[in-house]
Every structure is written in C-alpha cells, then in structure tokens.
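Scroll down for the structure; my scribbles are underneath it.
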Amino acid sequence: MGYDMRRTHMCGDLREGHAGEEVALCGWVNTRRDHGGVIFLDLRDRSGLVQLVCNPELSPRAHALAHQARAEYVMACRGEVRLRPPEAVNPALATGKVEVMVRELELLNPAQTPPFEIQEGVTPDESLRLRYRYLDLRRSVMQETLLLRAAVTRTVRSYLDENGFIELETPMLTKSTPEGARDFVVPSRLQPGRFYALPQSPQLFKQLLMVAGFDRYYQVVKCFRDEDLRADRQPEFTQIDMEMSFVDADEVMTTVEGMFSRVFREVRGFEMKTPLPRLTWRRSMELYGDDRPDLRFGMTISELTELFASSESRLFREALGRGESVRGFRLDGVTSPSRKILDELVEFARGLGSAGLIWVVREGDDLRSPLSRHLSEEEKTGIVEGLGLGEGEAGLLLLGTFEETSERLSRLRRHCVERFGMEPRTPWSMVWIVDFPLFEWDEEEGRYKSNHHPFTSPKTEHLDYLEKEPLRVLSDSYDLVINGSEVGGGSIRIHRRDLQERVFRLLGLGEEEAWEKFGFLLEALEYGAPPHGGVAFGLDRLVMLLAGRDNIRDVIAFPKTQSGTDLLTGAPDVLYPQQLGELRLKTI
RNA sequence: GGAGCCGUGGUGUAGCCUGGUAAACACGCCGGCCUGUCAAGCCGGAGAUCGCGGGUUCAAAUCCCGUCGGUUCCGCCA
C-alpha cells in the first residue's frame, strides 16, 4: 500500500464537519451501484460505512477500477469529503449527509464471492456461519455485539482497578477435583499417565490468593466444563471472577452493585436503583417457585393449602393427607380465557409431570372451573381472595409437594409470560437471591451435595445443625438474577480448616480422599487464612442479556457447535500416532 | 443417553401433509445498457437429479427406515 493511502479516518466516522477535508479510507466494498457513468461504492469498516463517488470525469482510473470492484473487495481510497446534494441525503445512514469524491482508488485484495451475503436481515444457516465465522463476524449485528462485549469487560476492569482489585492470573493446567462438572483433561508428556485438568473455575486459586494477602483479586478468565451444550452454555466460557478478604456478604454485594451500575449505565444508559432488592432463597421459592425469578412479571404464587384443610373433595383431602400443598397464581395477561387456552395450559402442566392443573375463572360471584361442583362456597371465596382474582380473571392451581409445585409453577409461569406475550413492567429486573441451603440431598448417589460448592461457609448461627440436620443449614451465599437469568453468584468461604473438614465429611469425602484432592487447601487454611468471600459472573450470559441475544454463540467470536466441534478449524481432531506415543496414549 | 424441529441452485425460502408435466420466488452471481443511486433500475443469461444410503411404488423433493450435519429441550451442568 502506498504511503499516501494510509488511512486518515474510519468510514463510519465521517460527518458534515469533515466537508472539504482530504481523507484516506480503507475497508471492504459493501455494495456497488454502477450507473454506467458515476459509480457509488459503499465502503465499510468496523465503524460503519460511507458512500464513495467514483466519477469518470474526476478520475477515469478510479472509475475503471470501481467498475471491476465486487462485494467484499478490500480497497483504499483518497478523496475529498463533500456534503451531499440535499436531494441525495440518506437519513438512514449515520454518514448519510456526506460522501467522498474519489480521486485515487486502490485494490488491496480482491475477494471470492462470499458463501453468503454480508447484509443485515439475512441470517444464514448456523453451520455456514460457523464454517465461515470470519465472514459472519463482518455482519453489523455481530460487530456490535462483540464491541458491546469489549465495552463490558473494559468497564468492569476500570471499576475493579479503581476499587483496589488486583488482576491476577491463575493456571489453566491444573488438577482434577471431585464434585462439580466433568473436567476437560490434558495428558502430561513429562509425567506419562498423568493428566492436568482445565479449570472449571479458578475457585481454589483465588482463595489461595486471599491467603497470600492480595486482599482483592479479579480476573476475566476462561473456564471449562465438559458437559452437554445448551443455548446458553458452551464448554469454554468466560467468568468475571472476584474475591475479597475481610468482608461479609453484604460488602461483596454492595461492591458488585457498584460494578453493575456502571456497566448498565455505560453500555445501556440504564440507571440501576441500588441497593438491589434481596430475596431469601426460601421466600423466592414460596413466591416464584424459582431460585432465579423474573421480577419483571407478577403472577406470584399463593399458598392455599390451609383453605382445603377440611375439604369435602376427595382430591384435596387425599393430597393434603399425603402432606402435599395447594399452590397457584393468578394468570396475568388474559381475561376470560377460552376453554381452548385453559386446556392448553392443562396439557402443558401435564407435560411437566403434573397429574392435572386446576383452573378457575371468576365470573361474577361464581367460579367457573372443572371442579366447581366439588368446591364449597367458602373454598370458592377463599380462592378468589387468596389469588386476588378480579372479574374474568383466571387462577391456576397445582397439587403436590412444595418442591413439585415450585418446579411446575415456575415453569408454568415462564410459559405463560411467553405464551401470552406479556409486557415486562420494567426493562431490567435485578435481584439478589440470598441464604441458599448449604446442601441438597442427591437421591441417586444417596448423599449430600453442595448447593454452591464445598468451600461455601454455613451461616454461623447454623453451625450447630451441621451434623444433626444438614438440610436445615443455610449458607452465606448470594446469586445475582437479572431478568430471570442467573448471571452469577458467590459466597463467603470457609476459612478454617476444622470447618472445611466437617463439610468434606458431610459430603462423603473420606479423610484420605479429602487430603489427596484438597490437602493443599486444608494446609493453606492453617497458615493464616483471612475470612474472605467472592463472586463470579458469567460474562457470556451477561452480554447475551445486555445485547438482547438469545444464543450464547452470538456473543462469542469462535464458539462450538452443540456437539462440541469447531466447524472453522475442525477441532477436535485425531492426533498423529507419534503425538500419541509421546503422551503414552492409545485410543480404544 | 433420550425427545422434537430443520436440511431443496451460492444464500434465504415455497413445494412435502394430499407421490405424477419444465422444482417456484426473492436475493446473489455473469453479461449488456445506464452520470445521483443508496435493497439503484432496465434487458438477457448461467446455476439445484431436493444432505447421504436403503426401502415402498409403474412413478419419490414428497411416504417409510437408517444415517450424517445443524439446532432446541430433558438428563447432565458444585
């Protein structure tokens, strides 16, 4: 490229103020409009595009070259920025008031006709996009999304830097640990027969950094989990990982709120109200049946079990006899729903494993319901009041254990939001869910499992129940939920060896195994480990929310397919026998 | 591991349920015309045996089975 073609501006930045200036631009040909005489080229770079005018009278050479130009050719030009004639202004373009009168044009690299058009409005097949990712990423939506992603990490970094956090790196080649997801493993050449594991998160290392006295740590870091993919799950993903010493849960949450305020202001222009509301896990389950409730919608759950304590109806009597509850919510978004709609909801509830869904519709003083004949007047009134049904409004009730009804009602609630196209009350709803149970019972393995992870601290006031009633123990933990999506969570950690060992024991981790897998941690806890706690956020999911994308692949430059392959490079791939030999590996 | 959906010129789709004439449309591509377009326009042209394999049938893009790829969900994901 000649010296005089080094660019002076980005295409999308040119405005009226540049009129009269001599500029040099580089970019890709977005479109060519050849009028035989004058030729218009839209030149595009990451900032946007601008119209180039190639007039044969101004430069026959440039005009001739423009005639040969095709979509996606890489070109450079030099010329004068000019105000467009008033009738030729394009209000749809940021640069629509100006154009560049081309004096010199240079072809830097021609291009094959791309396998799909780099245009808005057309989304090619996913496998094509992934195979030609570098072309897919040229599309403006993808550019905008990744630029937004960069803005998020930039904002996070500057906030944390300003607040005394130190960015520290932790190893990618580390040790496989029990609990949690399946590890990705890397064979060791120097230690034949041994394997590293890629980190599922830097959890233990960041705790060790607290022991080391760094006080406040953060990292924007890749994590790896070898589990099946979903629309919001990739095998490698990025976390905003933080840890702080000498703090309580409250201080961690306040710090995070400051960070998120700035992110939302910076990238979405949204002023977050802080402090954010906090719901205990228990309350969230009662009100929404969900530990990641979407507070943009109503339809909170009411418990009506008491109402049916002395019911005439066998259905209720038997259910209550089994210790089950009656819970439900008022259906928003539809009044006087048709039988067809109600049947559809019943069908949906059956699909969730429920025996049936009881619907009621208030009609004047009466209640329309398949069960109305079996309901006493008192019960009818109780339902209307309990669910707060207005005229024509419907209620949906389920029978079952607290856990069953929670699971099903929360899914039903999410389904209704989508099915009836409900309008959110606010663009963003953020809420902390706090005080999760420390353990849950794993039916299959017949043992307790950590709800969060094994390093989460029980609430001090619950320490006494630890061995006696483990399921009653709550932890100092917190999840941040935005628009019904868990964007991150954390906890105060255990910083004393004796407590950590008690928790390991409850998880069924034998002394020997605990020492073998976590000995380094137990040891570190004995060398002056400060009280500490932290949090980690899924950057990809956060960007998905901020960008309004419903797929994690759209916020990652080079994602994997659902079957874990990379269509661009062909990974994963087989190894040459020699490589396998060096690693002392044999495929079976 | 299981279930659903999708696969038709380069791209996006229609056709498939209800098998039967030249597989249709838009965009793109190639050529020509054209000096103010911006999804430029006008004229002309090339381009698909319908993912792959098997079966049913006189006949399969269409029905059936299998398989591959993509995708969504369940299981899984501390």
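Here is how names work: the chains are called A, B, and so on, in the same order as the sequence lines, proteins then strands, and each is numbered from 1.
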Just checking, is any N or O donor in the side chain of [X] or [Y] under 3.5 Å from an acceptor N or O on the other one?
X	Y	value
A/Arg282	A/Ser284	no
A/Ser491	A/Arg493	yes
A/Gln51	A/Arg33	yes

Nearest-Å distance, [atom1] ([X]) to [atom2] ([N])?
X	N	atom1	atom2	result
A/Glu445	B/C77	CD	C1'	14 Å
A/Ile39	B/C38	CD1	C1'	15 Å
A/Arg82	B/G36	CZ	P	13 Å
A/Leu93	B/U37	CG	P	14 Å
A/Glu418	B/C73	CD	P	11 Å
A/His63	B/G36	NE2	P	12 Å
A/Arg131	B/C68	CZ	C1'	16 Å
A/Glu227	B/C73	CD	C1'	16 Å

Who is the Watson-Crick or G-U wobble partner of [N], with both distances under 3.5 Å?
N	answer
B/G53	B/C65
B/C25	B/G12
B/U71	B/G4
B/G36	none
B/C77	none

Could you tell me whether the side chain of A/His532 and the main chain of A/Glu243 form a donor-acceptor pair under 3.5 Å? no
Backbone N or O of A/Pro454 within a donor-acceptor pair of the A/Gln500 side chain at under 3.5 Å?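 Confirmed, A/Gln500 side chain pairs with A/Pro454 backbone.
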For this output row, return yes or no: ring centroids of A/Phe518 and A/Phe455 closer than 6.0 angstrom.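 They qualify: ring centres under 6.0 Å apart.
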Among [options], the one nearest [X] by side-chain distance:
X	options	value
A/Glu99	B/C74, B/C77, B/G36	B/G36
A/Glu444	B/U37, B/U72, B/C76	B/C76
A/Arg553	B/U72, B/U37, B/C76	B/U72
A/Ala88	B/G75, B/C38, B/G70	B/C38

For [N] and [X] - does any side-chain N or O of the residue sit under 4.0 Å from the phosphate oxygens OP1/OP2?
X	N	value
A/Thr561	B/G69	no
A/Asn551	B/U72	yes
A/Arg70	B/G28	no

Inter-nucleotide [atom1] distance ([N], [M]), Å rounded:
N	M	atom1	answer
B/A60	B/G51	C1'	16 Å
B/C16	B/U62	C1'	4 Å
B/G45	B/U57	P	43 Å
B/U67	B/G1	P	12 Å
B/C5	B/C65	P	12 Å

Less than 4.0 angstrom from a charged side-chain N to a carboxylate O is my criterion; do A/Asp294 and A/Arg414 meet it?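 No, no charged N to carboxylate O under 4.0 Å.
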Is there a donor and acceptor pair, one atom on the side chain of A/Arg230 and one on the base of B/G75, closer than 3.5 Å? yes
Let's test your reading of the model: under 3.5 Å, does the base of B/C76 pair with the side chain of A/Arg233 as donor and acceptor? yes
Indicate, with a heavy-atom threshold strictly under 4.0 Å, whether A/Asn451 touches base, sugar-phosphate, or nothing. sugar-phosphate
Anything under 3.5 Å between a protein N or O and an N or O of nucleotides 40-45 of chain B, put it in a table, one pair a line.
from	atom 1	to	atom 2	distance (Å)
B/A40	OP2	A/Arg33	NH1	3.4
B/A40	N6	A/Asp34	O	2.7

With nearest nucleotide decided by heavy atoms, which residue, A/Ala92 or A/Val38, maps closer to the 5′ end of RNA chain B?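 By nearest-heavy-atom nucleotide position, the 5'-most residue is A/Val38.
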What are the atom names and distances for every N/O pair under 3.5 Å that joins the protein to nucleotides 8-13 of chain B?
from	atom 1	to	atom 2	distance (Å)
B/G10	O2'	A/Pro115	O	2.7
B/G12	OP1	A/Asp125	N	2.5

State, to 0.1 Å, how close [X] and [Y] come at their nearest heavy-atom pair, and which atoms those are.
X	Y	result
A/Cys26	A/Arg7	SG-CB, 4.0 Å
A/Met422	A/Phe297	O-CE2, 3.5 Å
A/Asp435	A/Thr280	OD2-CG2, 4.0 Å

Return the OG1 to CG distance between A/Thr170 and A/Leu204, rounded to the nearest 0.5 Å. 10.5 Å
Verify ring pair (Phe, Tyr, Trp, His ring centres under 6.0 Å) between A/Trp28 and A/Tyr73, making sure each step is shown before the conclusion. CA-CA 6 Å; A/Trp28 289 261; A/Tyr73 276 28; over 10 Å; no
